Amino acid sequence: RQWLEWREWFSFRFCSHSRFVDHAIVCSRDEAIHTMTKQHFDMLVIGGGATGSGIALEAVRRGLSVALIQSSDFSSGTSSRYPTCLLLQGGIGFRESGFRARSLRQFCLDDKAAIERPKYLQQTKHYVREYDVHVIQGATDNLFYFVASLFLRFISVRFLSPLSPFRKRGMTSLIYKDHLQQDSRVNVALITTATAAGAICANYCRVVSLVDDGAGKVSGATFLNRISGETCAVKADLVVNATGANCDFIHQLLPESMKNVENPGNKEKLGAPKVGFHLVLNKPVVEKGKGFIFPAQDGSVTFFLHYHGFTLAGIEDWDHEINEPLDNNQIQEMLSELNKFVCCTLTLDNVQSAWTGWRPIMKNHTSVRDFTIDQTIPGVISITGGAWSEYRLMAESLLDRIAPQ
Ligand SMILES: Cc1cc2nc3c(=O)[nH]c(=O)nc-3n(C[C@H](O)[C@H](O)[C@H](O)COP(=O)(O)OP(=O)(O)OC[C@H]3O[C@@H](n4cnc5c(N)ncnc54)[C@H](O)[C@@H]3O)c2cc1C
């Protein structure tokens, strides 16, 4: 595996695909929308998160003409809302889930990520910082972390300082190196690089319907320009649905003329999303360059990260409806949960901001980190799931899948 990692890293390090463009003013948003309505594209990508932007970039680099539509700001979906994805995660959590579920496949998923990670870090090194992540387990009560601390090279064991606010949860922590990335900036760099390479991208445009070519295939979409209020159409040979948690919504836009037994237009492919709750606290609970993670027996984690001078705290698997605004009671509930981990008391006065994020999970998924490519609707290809750090791998898989067509 080490050899594979080096080989991949060297070949990637010296190829032009590893470069990001920091700024590119090719045309204004209005000009981009005008071009979209006039030109016929090889590919229309719906969704300007990590997945959609990565696909647009990979597609233009392969010589396709590409249009990308994003309903609000670029990266305003899961790609910027799930702070654990700020950590590129040494894959330790996934190895643990695989270990616990006795699933070799899930355990080995991290190998794919481990090979991809050096490329990702090479590409985004100016947006990424190294971080010490402390995993706190009451001494060695978790067999996986005990075994991992013995065998995995990146883990070391330390005693917690007597002044540590997490002292009440354990005496020792296992430490591994991870990276904290500025996710939205990487996302915008992807869009900028794709634009510089020839993609036509526009934000504040929401796809409201799919267009039928009359021969049983989707041949484009109509979208609402959310700034001017106009509705426009864009034509493309292939529509890529990279809308994350909204993936089912795009399937439901199937034109009436294309609905049949196989594609009734109301099949839900997504299961319940994984919702995470996050607070930015003005109390300095964690030192600079450090993060603390508390894995629970059910596989979810609670974390505290040092974040631009503040503390970013979060709990995964929180029970909350998607898109519902948060109220003070819910924030208070989360604070009580977080107070179980720290010696000090966190109150509403410490909260600077709060938000939720969600990860789409396919009904037939085997691992949360797995991604799914679905081609049940002619002319539409949907890609859901995966990980931020694997956006390039996902784009490559999708483009390889459609290459023969
Ligand atoms: C709990 C959790 C932990 C994670 N941990 C990690 C990690 O440690 N490491 C890692 O690498 N990754 C991690 N990830 C994964 C990572 O967050 C996602 O893989 C990544 O954000 C990809 O998102 P996306 O582009 O598919 O979706 P999104 O970012 O949600 O993008 C979809 C976009 O489509 C747009 N859209 C929706 N409907 C329409 C429409 N009708 N018209 C136009 N646009 C539309 C939305 O506005 C949105 O911006 C984690 C995710 C979760 C949930």
Side-chain angles (χ1 to χ4, degrees), residues 44-56 67-94 110 113 116-117 120-121 124 128 131 133 178-181 183-184 186-187 190-191 201-210 221-226 234 239-253 270 273-278 291 293 299-301 303 305 314-318 322-323 356-361 368-372 382-395 398:
L44 166 67
V45 181
I46 313 175
T51 309
S53 316
I55 291 168
L68 181 144
I69 289 177
Q70 159 62 25
S71 71
S72 40
D73 281 320
F74 293 119
S75 187
S76 54
T78 310
S79 300
S80 66
R81 281 169 159 260
Y82 228 120
T84 41
C85 80
L86 293 172
L87 284 179
L88 296 179
Q89 215 158 298
I92 190 85
F94 292 97
D110 184 56
E116 189 61 18
R117 200 170 299 118
Y120 188 85
L121 293 176
T124 59
V128 169
Y131 230 64
V133 180
D178 204 334
H179 295 84
L180 191 77
Q181 73 155 339
D183 44 15
S184 300
V186 179
N187 201 147
L190 277 171
I191 290 282
C201 306
N203 55 8
Y204 285 88
C205 292
R206 181 184 296 131
V207 168
V208 287
S209 67
L210 296 175
T222 52
F223 63 89
L224 173 74
N225 179 340
R226 293 179 62 203
V234 51
V239 174
V240 175
N241 172 10
T243 53
N246 282 357
C247 147
D248 276 343
F249 171 74
I250 298 295
H251 286 159
Q252 285 155 12
L253 297 179
L270 291 177
K274 221 177 170 193
V275 181
F277 197 144
H278 311 97
I293 288 189
S300 64
V301 292
F303 57 89
L305 309 174
I315 302 182
E316 276 183 11
D317 280 341
W318 193 258
I322 288 186
N323 286 336
T356 53
W358 50 89
R359 173 179 228 160
I361 299 188
V368 286
R369 206 177 178 124
D370 244 349
F371 62 89
T372 316
S382 301
I383 179 160
T384 324
W388 227 120
S389 50
E390 286 169 34
Y391 82 86
R392 205 194 56 84
L393 200 68
M394 293 166 71
L398 185 131

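As the structure lists them, so they are numbered: ligands from 1, and atoms in each ligand from 1. Worth saying up front: this structure is predicted, and the values here are computed from it rather than measured. FYI, the numbering just counts along the sequence from 1.
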Distance filter under 4.0 Å to Cys205 heavy atoms, resulting ligand 1 atoms: 43 (C)
Enumerated ligand 1 atoms positioned under 4.0 Å from heavy atoms of Arg206: 40 (C), 41 (N), 42 (N)
Numbering as shown, the atoms of ligand 1 that approach Thr78 to under 4.0 Å (heavy-atom distance): 17 (O), 21 (O), 28 (P), 29 (O), 30 (O)
Proximal ligand 1 atoms for Ser389, defined as those under 4.0 Å from one of its heavy atoms: 10 (C), 11 (O)
Asn246, any N or O under 3.5 Å of ligand 1 N or O: yes
For Ile250, atoms of ligand 1 separated by under 4.0 Å from a heavy atom: 41 (N)
Side-chain donor/acceptor of Trp388 to backbone N/O of Ser79, under 3.5 Å: yes
Reported OH-to-CG distance for the pair Tyr131 and Leu305, which is rounded to 0.5 angstrom: 5.0 Å
Ligand 1 to Ala50 polar contact by distance, N or O atoms, under 3.5 Å: yes
Ligand 1-proximal atoms of Val208, by part, heavy-atom distance under 4.0 Å: neither
Separation between CD1 of Ile69 and CD1 of Ile46, rounded to the nearest 0.5 Å: 7.0 Å
Evaluation steps, side chain to side chain contact (heavy atoms under 4.5 Å, CB included), between Phe371 and Leu398: CA-CA 11 Å; Phe371 62 89; Leu398 185 131; over 6 Å; no
Sub-4.0 Å atoms of ligand 1 with respect to non-hydrogen atoms of Gly386: 15 (C), 19 (O)
Location of contacts on Thr243 toward ligand 1, heavy atoms closer than 4.0 Å: both
Sub-4.0 Å atoms of ligand 1 with respect to non-hydrogen atoms of Ser79: 20 (C), 21 (O), 22 (C), 23 (O), 24 (P), 25 (O), 28 (P), 29 (O)
Check: Tyr391 and Thr51 side chains under 4.5 Å, non-hydrogen atoms: no
For Ser76 against Gln70, the heavy-atom pair lying closest together: OG-NE2, 3.5 Å
Closest to atom 32 (C) of ligand 1 among Gly77, Ala245, Gly385, Ala242 (heavy-atom distance): Ala242
Of the listed options Thr51, Asn187, Val207, closest to atom 41 (N) of ligand 1 (non-hydrogen atoms): Val207
Gly49: numbered ligand 1 atoms lying under 4.0 Å from its heavy atoms: 25 (O), 29 (O), 31 (O)
Identity of the nearest option to atom 47 (O) of ligand 1, non-hydrogen atoms only, from Glu390, Gln181, Arg226, Gln70: Gln70
Test item: Thr243 side-chain N/O and Cys247 main-chain N/O as donor-acceptor pair under 3.5 Å: yes
Thr372 and Ile383, any side-chain heavy atoms less than 4.5 Å apart: no
Exam field: side chain Ser71 to backbone Tyr204, donor-acceptor pair closer than 3.5 Å: no
Donor-acceptor under 3.5 Å (Asn203 side chain, Asp73 main chain): no
